[in-house]
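Structure first, then comments.
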Number of protein chains: 2
Amino acid sequence: MARPKNASLTAEKVVDAAIALIGERGLEAFSMPKLAAELGVRAPSLYHYFADKESLLVAVARMVATPEAPTTMPEDAHWSEYLITQSVALRRRIVRYPQCAPLLVRYMPREKMFGEYEQLCQFLAASGVPASLQVSIVDGMTALTLGAAILGENAADYADSGDGPSPDPVEHPTLRRALDTIEGLSSDELFETFLRTYLDGVLGGSACSATPTPAVRRLPR
Amino acid sequence: MARPKNASLTAEKVVDAAIALIGERGLEAFSMPKLAAELGVRAPSLYHYFADKESLLVAVARMVATPEAPTTMPEDAHWSEYLITQSVALRRRIVRYPQCAPLLVRYMPREKMFGEYEQLCQFLAASGVPASLQVSIVDGMTALTLGAAILGENAADYADSGDGPSPDPVEHPTLRRALDTIEGLSSDELFETFLRTYLDGVLGGSACSATPTPAVRRLPR
DNA sequence: ATTATCTATAGATCTATAGATAATGC
DNA sequence: ATTATCTATAGATCTATAGATAATGC
């Protein structure tokens, strides 16, 4: 068919299809011919949009990590609410395509994130958070978010109401009882309590001295 | 050479070499011929020890996740110290071969860990931790550990004394100042402060009512 | 007879390039 | 002339099996 009347591909369509394919079949099953088949074209056509497989994967990583819309927050919000909103959104993006998580780690070296970290620290500093806590907060929240996203299925799925397999009450009675106490929380809500617990630790820990508000509001039960 | 006088392979040697190879070159560069070359044999010999590539990778995941020696703790240690010791050890194992982390996630489905979770919850219950906190603690610590391990290089490496690239004081002044406050902490120590911060949150949060000791000891500065 | 290696190889990929071809824009 | 697709293909893998071979144990 050579050149079609209307171009069937765009770089964005290619990336979107790559994300979907990796999400469904996993990174190991990903290849240029398979992606092309998914898009209804032949493999060489993809090289018109990306120089090689690696630059396509870089674009995939960037897309997964980038929010669709920037976060907007009320003016008077506490800095912790801002961080929680950001973290919840990041986790949600990763969880949507957990198979892409290794790409994130591989193609987003920390030094390229200095700019973003600088912004966050400035924001924290402006909110009165002492420098000694800023690293703990940013790094801890990042680790918690990434870890929670990669674990993927979490406790909420193992409670009776969730999707996953549920532990047997006879074989695992204590785990069972513990899970019953979170019955009704979605995995988003559960993740949010993790974040708030962590921030409670930051605020309530011995190093806490110059924080504007005494505690982070907890989720309503 | 056919059969050698002394068998040159064992399942364990194969797994060890696989871990080393994946650690050095990454999961994508891993293949049976390359692993065989590393061991000084031909690829088909590996199939004598593992039915296929996948069962070899399962064995790799198991090896990375399993501690060499079980943790021993003083009798009177607080439960939080026990959890911290476990988490620090797990992170250290993952960080040693961060390229294997995707294997862990892929080949260790949560339901196979019910047994371990049951044990942890029993341990927490015996220490007087209410059921409502047990999930938060176990899941939160796991996420924090996995996330911190996968992020790999952490803030400690970006401080002046660390290995990694350091942010420029002119371009990233606030980040720079924040990192200077953790100067001198190793990445292990920094991770431990994350864990203690999280546990401070668990203990100090509003849900805290029946905890035996009021606060978790912080690392000495 | 069994074990642990080997050689040889079928069969299925994959990445990336060269060069043809048809549509479009100037 | 340029663009976006195609066909064809070189060249390099990889996984896994069949079957040979030499050392060992009975």
Side-chain angles (χ1 to χ4, degrees), chain A residues 1-63 97 99-100 102-103 106-107, chain B residues 1-63 97 99-100 102-103 106-107:
Chain A
M1 325 203 166
R3 177 173 180 171
K5 285 204 162 190
N6 306 306
S8 59
L9 298 178
T10 63
E12 211 191 337
K13 276 187 195 168
V14 173
V15 170
D16 285 348
I19 292 177
L21 184 57
I22 295 172
E24 279 161 32
R25 317 273 304 268
L27 246 184
E28 287 181 40
F30 176 81
S31 75
M32 301 302 259
K34 283 178 193 147
L35 176 58
E38 208 72 30
L39 286 159
V41 301
R42 301 296 185 147
S45 305
L46 301 174
Y47 289 87
H48 186 67
Y49 297 89
F50 295 93
D52 50 26
K53 193 184 176 188
E54 175 152 346
S55 40
L56 171 53
L57 291 180
V58 168
V60 167
R62 193 177 310 269
M63 178 70 91
Y97 309 102
Q99 309 270 25
C100 297
L103 287 181
R106 175 151 186 188
Y107 293 112
Chain B
M1 323 204 168
R3 178 172 180 173
K5 284 205 161 192
N6 306 306
S8 58
L9 299 178
T10 64
E12 211 191 335
K13 277 186 196 169
V14 173
V15 170
D16 286 347
I19 292 176
L21 184 57
I22 295 171
E24 280 161 31
R25 318 274 302 268
L27 246 184
E28 287 182 41
F30 176 81
S31 75
M32 301 301 259
K34 282 178 194 148
L35 176 58
E38 207 72 29
L39 285 160
V41 300
R42 302 296 185 145
S45 305
L46 300 174
Y47 289 86
H48 186 66
Y49 296 89
F50 295 92
D52 51 25
K53 193 184 176 187
E54 175 153 343
S55 39
L56 171 53
L57 291 180
V58 169
V60 167
R62 193 177 308 270
M63 178 69 91
Y97 309 103
Q99 310 269 27
C100 297
L103 288 181
R106 176 151 186 188
Y107 293 113

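Within every chain, numbering begins at 1; the chains are lettered A, B, ... in the order of the sequence lines, protein sequences first and strands thereafter. Basis for what follows: all heavy atoms, side chains included, without hydrogens, waters or symmetry-related copies.
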message: Nearest whole Å is fine: how far is dT15(C) P from L56(A) CG?
response: 10 Å
message: Nearest whole Å is fine: how far is dT5(D) P from L39(A) CG?
response: 10 Å
field: Distance in angstrom units between H48(B) NE2 and dA20(D) C1', rounded
entry: 16 Å
field: Electrostatic pair K53(B):E28(A) at N-O distance under 4.0 angstrom
entry: no
- request: Mind calculating the distance between CZ (F50(A)) and C1' (dT17(C)) to the nearest angstrom?
  value: 19 Å
query: Do the side-chain N or O atoms of S8(A) get closer than 4.0 angstrom to the phosphate oxygens (OP1, OP2) of dT5(D)?
result: yes
query: Would you say a side-chain N or O of S31(B) is under 4.0 Å from OP1 or OP2 of dC14(D)?
result: yes
- prompt: Atom OH of Y47(B) to atom C1' of dT17(D): distance rounded to whole Å?
  reply: 10 Å
query: Does the side chain of S45(B) get closer than 4.0 angstrom to OP1 or OP2 of dC6(C) through an N or O atom?
result: yes
- request: Any strand is fair game: report the nucleotide pairing with dC6(C) by Watson-Crick or G-U wobble, both distances under 3.5 Å, or none.
  value: dG19(D)
statement: Rounded to whole Å, CZ of R42(A) lies from C1' of dC14(C) at a distance of 15 Å
field: Minimum side-chain heavy-atom gap I22(A)-L103(A) below 4.5 Å
entry: yes
task: Compare side-chain N and O positions of K34(B) against OP1 and OP2 of dC14(D) and report whether any pair is under 4.0 Å apart.
output: yes
query: Where the side chain of D52(A) is defined as all heavy atoms beyond and including C-beta, which of dA16(C), dT5(C), dT17(D) is the nearest nucleotide?
result: dA16(C)
- line: Mate of dA1(C) across any strand shown (Watson-Crick or G-U wobble, both atom pairs under 3.5 Å) is dT24(D)
message: Distance check needed: dT15(C) P versus K53(A) NZ, whole Å only.
response: 4 Å
- line: Rounded to whole Å, CD of E28(B) lies from C1' of dC14(C) at a distance of 13 Å
Interatomic distance, E24(B) atom CD to Q99(B) atom CD [nearest 0.5 angstrom]: 10.0 Å
- line: Closest to the 5' end of DNA chain C, once A43(A) and Y49(B) are matched to their nearest nucleotides, is Y49(B)
message: Within the structure provided, determine whether R62(B) and Y107(B) are in side-chain contact (heavy-atom separation under 4.5 Å).
response: no
- prompt: Where the side chain of Y49(A) meets the backbone of L9(A), is there a donor-acceptor pair that is under 3.5 Å apart?
  reply: yes
